[in-house]
Novice: 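First, the structure itself, so that you have it in front of you.
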Amino acid sequence: MLRRAGAAALALSVPYWLPRTVVALRVKVFARINGPEGVVVPNAEVDPERFTELYEHPAASGRSKGAALSDLFWYWLSPGPEVHQEHLEPGPRYDAVARTTTAILAGTSAELSAAAARRTAEVLDELVPGETALVRLRDLMMPVWAEFFYELVFREPCPAYARGLIVANAEDVINSLKNTRLRHMRRRERLTRYLLRRLAAGDVPHALPPELASARDRAHYLQGTFFNTAVVQMSEAMAHLLLVLAAEPGIQRRLAEHPDDERDLSNVMNETLRLYPLFGIAHRITDADIDLGGGARYPAGTVLCFDYPAYHATGYTDPGTFDPDRWNHLSAKHAHHIPFGVAGNRPCPAWRLAPLVMRAATREVLARFTLHTGVSHTRSIPHRAPALLVRRDRPLPPYRIAAVRLLLRVRDRWEDVGRSVLQLVLGTWMVLDARRQRPTERWFAEHDTQGRPLTGTSTARETPGGDGRCPYPH
């Protein structure tokens, strides 16, 4: 009898200890396979007060060449990681691409906000037509940003077929990054082919950088910058923000009742991005020696790993507590708060656009629904942010909402058990596969940092994939 009771207690306790154990094991496995990732800061030599000094140092400018970690990111972001703005080496090619991205994202605050509100309203009305819906908030936001960025790139409404391609591509990228699915390169290549057709037809009304010499390079630039990273990051940002509001009914009610209170919503967004930054680690490779004094000396070729969550947890009272009111007395400019990177070292090109459109999208959601959840909330949100949406003018009885919250909490606990094991298996496989393929090393063995073929090497490959088709397993 006691043995059965012990077995039952152990089985019921699995959701509370197994996921943490598997995550710890996954970190060890990744470190064992990849070797030392580099120097993580903040650290004993570079405290939080000097974090941005090192981050903005002119010699901390390398992005891909010389870091084993880059192989993994190139693997996840294929096809076309060699022209992805996040991974271009400094120089004329990066400068030209960054200027183009800034131009495509340009617009007045009113225009951008109106476009985001319009896209959000239309997608919500399409996907949540009933009085209630159980949704994954990240999945709900994907079509919104697919349509929004399509419209910026093509200056026309997004057709359903294109939206489907963009969402499938973005979901495949982020699911592989979270280690919850393997890559499906055919799915991504379908979007590439679509963009190639549109480029060949002259349908892109922007002057793309001449430094991207081939049509495939230009297609991969659009795909990687706007239909991978932009769609994924904005969907994740909105999932974090809406999940916070679902867990904080008082704050949610206040924002819904005062939709024009810019300061209150900005405070909530600042606190959300502080606790749940979109970037975990951003790495840079030093191209010259850096000596900050006080023992902080890093030779050329050092891989510096800037830990956003650790930095965001310093300089605050009760940093683990969600407290948007703290921003009534803080300046985001002077706090340990870099949700879009640092100005002196490749800041996110959407640093201006993102807060504008997030505010507009949030108002549209809150105008229609109340949000409720009982799930965990972590920076990586591998569960894609489950929540209950209820029409604001058709409220449910409190006991029914409480029952759904409990159901979501229990389901989340048990999903986390299987998901953590799956992440360990798939993540290990992908790390090993990326190490075997060495996409970054192979690329730079045949090209300089500006993408030009080196003398005496084969130029048959436009990308790390031979004839332009990705050779990696599907």
Novice: Quick one: do Arg419 and Asp416 make a salt bridge, cutoff under 4.0 Å?
Specialist: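 Salt bridge flag = yes for Asp416 with Arg419.
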Novice: Are Val144 and Leu124 close enough, and set up right, to give a side-chain contact (heavy atoms from CB on, under 4.5 Å), and what steps lead you there?
Specialist: CA-CA 9 Å; Val144 171; Leu124 289 176; 5.8 Å; no
Novice: So do His57 and Arg284 actually touch side chain to side chain, heavy atoms under 4.5 Å?
Specialist: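 The answer is no; the side chains never approach within 4.5 Å.
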Novice: Kindly indicate whether the side chain of Leu212, heavy atoms from C-beta on, has any atom under 4.5 Å from the side chain of Thr100.
Specialist: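 No, every pair of side-chain atoms sits at 4.5 Å or beyond.
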Novice: Evaluate the side-chain proximity of Arg274 to Pro319: yes if any heavy-atom separation is below 4.5 Å, no if none is.
Specialist: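 Sidechains of Arg274 and Pro319: in contact.
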Novice: Could you give all pairs that pass the salt bridge (Lys or Arg N to Asp or Glu O under 4.0 Å) test and reach residues 335-360, with sequence neighbours left out?
Specialist: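 Those involving residues 335-360 are Glu262-Arg359.
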Novice: Side chain to side chain donor-acceptor pair (under 3.5 Å) between Tyr221 and Thr101: does it pass, once the steps are laid out?
Specialist: CA-CA 10 Å; Tyr221 157 66; Thr101 302; 2.8 Å; yes
Novice: Is the distance between the ring centroids of Trp327 and His337 less than 6.0 Å?
Specialist: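 Ring centres of His337 and Trp327 closer than 6.0 Å.
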Novice: Are Met269 and Leu241 side-chain neighbours, meaning at least one heavy-atom pair lies under 4.5 Å?
Specialist: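 A side-chain contact exists here, since the closest heavy-atom pair is under 4.5 Å.
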Novice: Got a salt bridge between Glu122 and Arg163, using NZ or NE/NH1/NH2 to carboxylate O under 4.0 Å?
Specialist: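 Here Glu122 does not pair with Arg163 in a salt bridge, since their nearest N and O are not under 4.0 Å apart.
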Novice: Measuring only between side-chain heavy atoms, which start at C-beta, is Phe51 closer than 4.5 Å to Glu56?
Specialist: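 No, too far: nothing below the 4.5 Å cut-off.
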Novice: Around atom CZ of Arg379, are there more than 12 heavy atoms of other residues, nucleotides or ligands at under 6.0 Å?
Specialist: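 Yes, the 6.0 Å shell around CZ holds more than 12 heavy atoms from other groups.
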Novice: Where the side chain of Asp318 meets the backbone of Thr321, is there a donor-acceptor pair that is under 3.5 Å apart?
Specialist: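 The answer is no, because no donor-acceptor pair under 3.5 Å joins these two groups.
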Novice: Which heavy atom of Pro81 sits nearest a heavy atom of His87, and at what distance?
Specialist: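 Looking at all heavy atoms of both residues, the closest pair is O-CB, 3.8 Å.
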Novice: Of the non-hydrogen atoms in Thr192 and Ala219, which two are nearest, and what is the gap between them?
Specialist: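 Taking Thr192 first and Ala219 second, the nearest heavy atoms are O-CB, 4.3 Å.
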Novice: When you look at Leu152 and Leu112, which way does the side-chain contact (heavy atoms from CB on, under 4.5 Å) test go after all the steps?
Specialist: CA-CA 9 Å; Leu152 287 182; Leu112 294 170; 4.2 Å; yes
Novice: Under 3.5 Å, side chain of Thr373 to main-chain N/O of Pro386, donor-acceptor pair present?
Specialist: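 Present.
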Novice: Given side-chain contact (heavy atoms from CB on, under 4.5 Å), test Asn179 with Thr428 step by step and report yes or no.
Specialist: CA-CA 9 Å; Asn179 303 153; Thr428 301; over 6 Å; no
Novice: A side-chain contact here means heavy atoms from C-beta on lying under 4.5 Å apart; do Thr272 and Leu243 qualify?
Specialist: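 Thr272 vs Leu243: side chains apart.
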Novice: Output every pair passing salt bridge (Lys or Arg N to Asp or Glu O under 4.0 Å) with a member in residues 298-313, not counting sequence neighbours, ordered by first then second residue.
Specialist: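 Salt bridge (Lys or Arg N to Asp or Glu O under 4.0 Å) check on residues 298-313 returns no pairs.
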Novice: Can you tell me how far OG1 of Thr440 sits from CG of Leu69, rounded to the nearest 0.5 angstrom?
Specialist: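 So the gap between those two atoms works out to 9.5 Å.
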Novice: So Phe149 and Phe226, would you call those rings parallel, tilted or perpendicular, with 30° and 60° as cut-offs?
Specialist: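 Phe149 vs Phe226 ring planes: tilted.
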Novice: List in chain and number order the residues that pass salt bridge (Lys or Arg N to Asp or Glu O under 4.0 Å) with Asp289, two or more places apart in sequence or in another chain; answer none if no residue qualifies.
Specialist: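 Partners of Asp289 by the salt bridge (Lys or Arg N to Asp or Glu O under 4.0 Å) criterion, ordered by chain and then number, come out as Arg297.
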Novice: Suppose we call two aromatic rings close when their centres sit under 6.0 Å apart. Are His336 and His312 close by that rule?
Specialist: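 They do not qualify: ring centres at least 6.0 Å apart.
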Novice: Answer yes or no: is there an ion pair linking Asp433 with Arg438, defined by an N-O contact shorter than 4.0 Å?
Specialist: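 A salt bridge is absent here (no side-chain N lies under 4.0 Å from a carboxylate O).
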Novice: Ignoring hydrogens and geometry beyond distance, is a side-chain donor-acceptor pair present between Ser176 and Tyr75 at under 3.5 Å?
Specialist: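 Their side chains do not contain a donor-acceptor pair, so the 3.5 Å distance test is not met.
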Novice: Nearest 0.5 angstrom please: Leu353 CG to Ile104 CD1, how far?
Specialist: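 Leu353 CG to Ile104 CD1: 12.5 Å, rounded to 0.5 Å.
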Novice: Which distance, rounded to the nearest 0.5 Å, do you find between the OG of Ser64 and the CG of Leu88?
Specialist: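 Taking OG in Ser64 and CG in Leu88, the distance rounds to 7.5 Å.
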Novice: Checking side-chain polar atoms at under 3.5 Å, does His84 have a donor or acceptor matched by the opposite partner on Gln223?
Specialist: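 Judged by distance alone, the side chains do not pair up.
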Novice: Let me see the working for Ser70 and Lys65 under side-chain contact (heavy atoms from CB on, under 4.5 Å), right down to the final yes or no.
Specialist: CA-CA 8 Å; Ser70 299; Lys65 186 178 182 181; over 6 Å; no
Novice: Output the distance between atom CD1 (Ile381) and atom CZ (Arg136), rounded to the nearest 0.5 Å.
Specialist: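 So the gap between those two atoms works out to 11.0 Å.
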Novice: Please confirm whether the backbone N or O of Thr225 pairs with a side-chain atom of Gln85, one donor and one acceptor, at under 3.5 Å?
Specialist: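 Not a single qualifying donor-acceptor pair exists.
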Novice: So which heavy atom on Val232 is nearest to which on Ala170, and how close?
Specialist: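 Reported closest heavy-atom pair: CG2-O, 3.5 Å.
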Novice: Taking only residues two or more places apart in sequence or in another chain, which ones pass ring-ring contact (aromatic ring centres under 6.0 Å, His included) with His377?
Specialist: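 For His377, the residues satisfying ring-ring contact (aromatic ring centres under 6.0 Å, His included) (neighbours in sequence not counted) are His240, Tyr276.
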Novice: Considering non-hydrogen atoms only, spot the tightest contact between Pro90 and Ser61 and give its length.
Specialist: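 Taking Pro90 first and Ser61 second, the nearest heavy atoms are CD-O, 3.3 Å.
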Novice: With rounding to the nearest 0.5 angstrom, report the NE2 to OG1 distance, His447 to Thr449.
Specialist: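 Taking NE2 in His447 and OG1 in Thr449, the distance rounds to 12.0 Å.
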Novice: Just to verify, what does Tyr308 make a ring-ring contact (aromatic ring centres under 6.0 Å, His included) with, not counting sequence neighbours?
Specialist: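 Testing Tyr308 for ring-ring contact (aromatic ring centres under 6.0 Å, His included), a comparison that skips the adjacent residues, returns Phe279.
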Novice: Using a strict threshold of under 4.0 Å (side-chain N to carboxylate O), is an ion pair present between Arg384 and Glu415?
Specialist: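 Salt bridge absent between Glu415 and Arg384.
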Novice: Would you mind checking if Arg188 and Asp172 are paired as a salt bridge, meaning a charged N to carboxylate O distance below 4.0 Å?
Specialist: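 So Asp172 pairs with Arg188 through a salt bridge.
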Novice: Are the side chain of Arg155 and the backbone N or O of Pro205 linked by a donor-acceptor pair below 3.5 Å?
Specialist: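 It does not hold such a pair.
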Novice: Answer yes or no: is there an ion pair linking Glu236 with Arg138, defined by an N-O contact shorter than 4.0 Å?
Specialist: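 Counted as a salt bridge, because a side-chain N and a carboxylate O are separated by less than 4.0 Å.
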Novice: Provide the closest heavy-atom pair for Arg119 versus Glu147 in the form atom of the first, atom of the second, distance.
Specialist: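 In this case the closest contact between Arg119 and Glu147 is NE-OE1, 3.0 Å.
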Novice: Under 3.5 Å, is there a donor-acceptor pair between the side chain of Arg118 and the main chain of Phe148?
Specialist: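 Side chain of Arg118 to backbone of Phe148: no pair is present.
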Novice: Could you tell me whether the side chain of Val268 reaches within less than 4.5 Å of the side chain of Phe322, counting heavy atoms only?
Specialist: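 SC-SC contact between Phe322 and Val268 confirmed.
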Novice: Counting distance only, does the side-chain N/O of Thr286 pair as donor-acceptor with the main-chain N or O of Ala60 below 3.5 Å?
Specialist: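 No, the answer is negative, given that no donor and acceptor are paired below the 3.5 Å cut-off.
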Novice: Using a strict threshold of under 4.0 Å (side-chain N to carboxylate O), is an ion pair present between Arg50 and Glu45?
Specialist: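 No, Glu45 and Arg50 are not salt-bridged.
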Novice: Thinking salt bridges, do Arg216 and Glu189 make one under a 4.0 Å N-O criterion?
Specialist: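 A salt bridge links Arg216 with Glu189.
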Novice: Does Leu165 offer a backbone N or O that forms a donor-acceptor pair with the side chain of Asn169 under 3.5 Å?
Specialist: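 Pair absent, no side-chain N/O of Asn169 close to backbone of Leu165.
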Novice: For Asp47 and Pro42, which heavy atoms make the closest approach, and how far apart are they?
Specialist: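 It is C-CB, 4.3 Å.
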Novice: Under 3.5 Å, is there a donor-acceptor pair between the side chain of Ser78 and the main chain of Gly80?
Specialist: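 Side chain of Ser78 to backbone of Gly80: no pair is present.
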Novice: Okay, side chain of His184, backbone of Arg186: is any donor-acceptor separation there less than 3.5 Å?
Specialist: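 The answer is no, because no donor-acceptor pair under 3.5 Å joins these two groups.
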Novice: What distance separates Glu82 CD from Asp217 CG, expressed to the nearest 0.5 Å?
Specialist: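 Here the rounded value is 6.0 Å.
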Novice: Evaluate the side-chain proximity of Val173 to Arg183: yes if any heavy-atom separation is below 4.5 Å, no if none is.
Specialist: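 Not touching, per the 4.5 Å side-chain cut-off.
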Novice: Below 3.5 Å, can you tabulate the donor-acceptor pairs from side chains in residues 197-204 to any protein atom, sequence neighbours excluded?
Specialist:
| unit_1 | atom_1 | unit_2 | atom_2 | d |
| --- | --- | --- | --- | --- |
| Arg198 | NE | Asp203 | OD2 | 2.7 |
| Arg198 | NH1 | Tyr150 | OH | 2.8 |
| Arg198 | NH1 | Tyr194 | OH | 2.7 |
| Arg198 | NH2 | Glu156 | OE2 | 2.9 |

